[in-house]
Amino acid sequence: MSVDEATTDLALSLYQEIARDDWARMAAGIPQPLTETEVVQLRGLGDRLDMAEVAEVYLPLSRLLSLYAQATKRLGAETSAFLGEADTTTPFVIGVAGSVAVGKSTIARLLRELVSRWPGTPRVELVTTDGFLYPNAELERRGLMARKGFPESYDRRALVEFLTEVKSGAVEARAPFYSHVKYDIVPDAHVTVRRPDVVIVEGLNVLQPPPAPNDVAVSDLFDFSIYVDADTADIESWFVGRFLALRHAAFSDPNSFFRVFAELSDDEAVTTALGYWNDINLPNLEANVLPTRHRATLVLRKAASHAVESVLLRKL
């Protein structure tokens with residue numbers, strides 16, 4: 001056994017693995033809060049999310065998150081009482097990490113809706129780390145346009161400062177806004193968070209360790225974190241499939257940064273997608289994203305069908 005394999009086995013021993021059927025029983029008898037129309041609207045391009053997946057995987061997960069959030073709130077109140085101070089409990093922050101095309105954005109949107117249906121967590125906000133990418137002009141200046149999505153392409157300090165404001169109980173915290181059509185930060189546009197019960201932070205690199213020993217990691221500001229996992233070959237297939245589908249969706253928008261790809265033939269589109277995958281997304285996954293999996297509180301393990309086949313929950 002190699003050192004890497006031994007390290008992986010040690011990390012996985014920190015988790016309790018729960019088969020999908022057993023996980024689904026955690027929500028037995030709980031009514032489905034979303035309609036089929038709502039699920040379709042939440043589903044990302046290429047995802048195969050259906051009502052069964054919501055009921056069997058994400059409804060139990062939302063219940064667990066709600067329990068964690070309420071328990072954290074109670075602990076905060078009891079700690080304040082112990083110190084003889086007013087209760088200053090701040091938003092419960094959830095991180096969602098994983099590769100490009102693995103479905104984490106859909107999962108984050110879905111959890112925002114499901115967690116908000118539980119009585120103790122009615123106000124849930126979602127922030128993506130795309131807003132903390134450096135603007136394209138700055139990436140060009142730094143020679144990083146070909147490494148967009150790698151850790152160094154993000155303004156990590158700004159993201160940490162934003163989450164610090166959230167966790168310190170600021171009345172209002174603002175994050176930059178990223179346009180997927182323009183493929184760039186939109187100047188003077190912001191996502192505003194005003195002390196909700198829960199904040200979900202979704203992004204490739206949110207579980208990265210700090211760049212230096214004395215730095216604060218983004219994940220230090222999370223109360224719970226989720227890693228969406230799948231075999232690399234399956235993610236590659238999903239990435240290529242999504243790229244093909246985007247030719248007739250976002251790429252067809254005349255204002256899209258990727259408008260040039262809209263008229264590609266199937267063969268040309270596959271070649272282009274594999275180029276992006278092999279040159280950018282796969283190296284980033286292997287070097288920066290996948291190594292952070294063991295830092296998550298919970299791992300959702302997907303099969304080739306995009307359905308979750310098992311859940312790994314970190315042992316308390």
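Numbering of residues begins at 1 and proceeds along the displayed sequence. Note: hydrogens, waters and symmetry copies are ignored here, and every other heavy atom, side chains too, is used.
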Applying the 4.5 Å side-chain criterion to the ILVMFWY set and letting contacts propagate, would [X] and [Y] be lumped into a single cluster?
X: Leu67; Y: Leu111; value: no
X: Phe92; Y: Leu75; value: no
X: Val40; Y: Val54; value: no

Can you see which heavy atom on Pro176 is nearest to which on Gly131, and at what distance?
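Residues Pro176 and Gly131, closest heavy atoms: CB-O, 3.0 Å.
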Shortest non-hydrogen separation from Arg195 to Thr90 and the atoms involved:
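So the minimum-distance heavy-atom pair works out to NH2-CA, 4.3 Å.
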Test item: [X] and [Y] side chains (from C-beta on) under 4.5 Å apart, heavy atoms:
X: Pro196; Y: Val124; result: no
X: Ile226; Y: Leu61; result: yes
X: Thr128; Y: Tyr178; result: no
X: Trp118; Y: Arg63; result: yes
X: Leu300; Y: Leu298; result: yes
X: Tyr227; Y: Leu312; result: no
X: Glu161; Y: Glu165; result: no
X: Tyr15; Y: Val311; result: no

Indicate yes or no for a side-chain donor-acceptor contact from [X] to the backbone of [Y] under 3.5 Å, with no hydrogens or angles considered.
X: Arg20; Y: Val308; answer: yes
X: Arg117; Y: Pro33; answer: yes
X: Glu202; Y: Leu126; answer: no
X: Lys167; Y: Pro91; answer: yes
X: Ser225; Y: Gly95; answer: no
X: Glu38; Y: Thr35; answer: yes
X: Thr106; Y: Arg43; answer: no
X: Glu268; Y: Ser265; answer: yes
X: Asn284; Y: Val289; answer: no
X: Arg109; Y: Leu42; answer: yes

Could you give me the CA-CA distance, side-chain angles and deciding distance for Leu246 and Leu244, then say whether side chain to side chain contact (heavy atoms under 4.5 Å, CB included) is met?
CA-CA 6 Å; Leu246 282 169; Leu244 292 173; over 6 Å; no
Below 6.0 angstrom between ring centroids: does that apply to Phe162 and Phe132?
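Judged by ring-centre distance (under 6.0 Å), Phe162 and Phe132 do meet the cut-off.
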Do other residues, nucleotides or ligands put more than 12 heavy atoms under 6.0 Å from [X] [atom1]?
X: Arg301; atom1: CZ; answer: yes
X: Arg123; atom1: CZ; answer: yes
X: Glu152; atom1: CD; answer: yes

Quick one: do Lys73 and Tyr68 satisfy side chain to side chain contact (heavy atoms under 4.5 Å, CB included)? Show the steps, please.
CA-CA 9 Å; Lys73 186 174 183 178; Tyr68 266 77; over 6 Å; no
Would you say the side-chain atoms of Asp234 and His306 include a donor-acceptor pair closer than 3.5 Å?
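Asp234 vs His306: no donor-acceptor pair found between side chains.
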When you check the side-chain N and O atoms of Ser219 and Arg295, is any donor under 3.5 Å from an acceptor?
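Checked: Ser219/Arg295 side chains pair up, N/O donor to acceptor below 3.5 Å.
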Salt-bridged, Arg293 to Asp229, with N to O below 4.0 Å?
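Here Arg293 pairs with Asp229 in a salt bridge, since their nearest N and O are under 4.0 Å apart.
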Regarding [X] and the six-membered ring of [Y], is the cationic atom NZ or CZ under 6.0 Å from the ring centre and inside 45° of its axis?
X: Arg142; Y: Tyr134; result: yes
X: Arg147; Y: Phe150; result: yes
X: Lys148; Y: Tyr183; result: yes

Quick one: do Leu274 and Val270 satisfy side chain to side chain contact (heavy atoms under 4.5 Å, CB included)? Show the steps, please.
CA-CA 6 Å; Leu274 286 174; Val270 169; 3.9 Å; yes
To the nearest 0.5 Å, how far apart are [atom1] in [X] and [atom2] in [Y]?
X: Leu282; Y: Leu290; atom1: CG; atom2: CG; answer: 10.0 Å
X: Glu36; Y: Leu34; atom1: CD; atom2: CG; answer: 11.5 Å
X: Ile185; Y: Asp130; atom1: CD1; atom2: CG; answer: 8.0 Å

How far apart are the C-alpha atoms of Asp184 and Ser179, what are their side-chain angles, what is the distance that settles it, and do they pass the side chain to side chain contact (heavy atoms under 4.5 Å, CB included) test?
CA-CA 6 Å; Asp184 202 356; Ser179 168; over 6 Å; no
Using 30° and 60° as the class boundaries, would you call the ring planes of Phe261 and Tyr276 parallel, tilted or perpendicular?
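Perpendicular.
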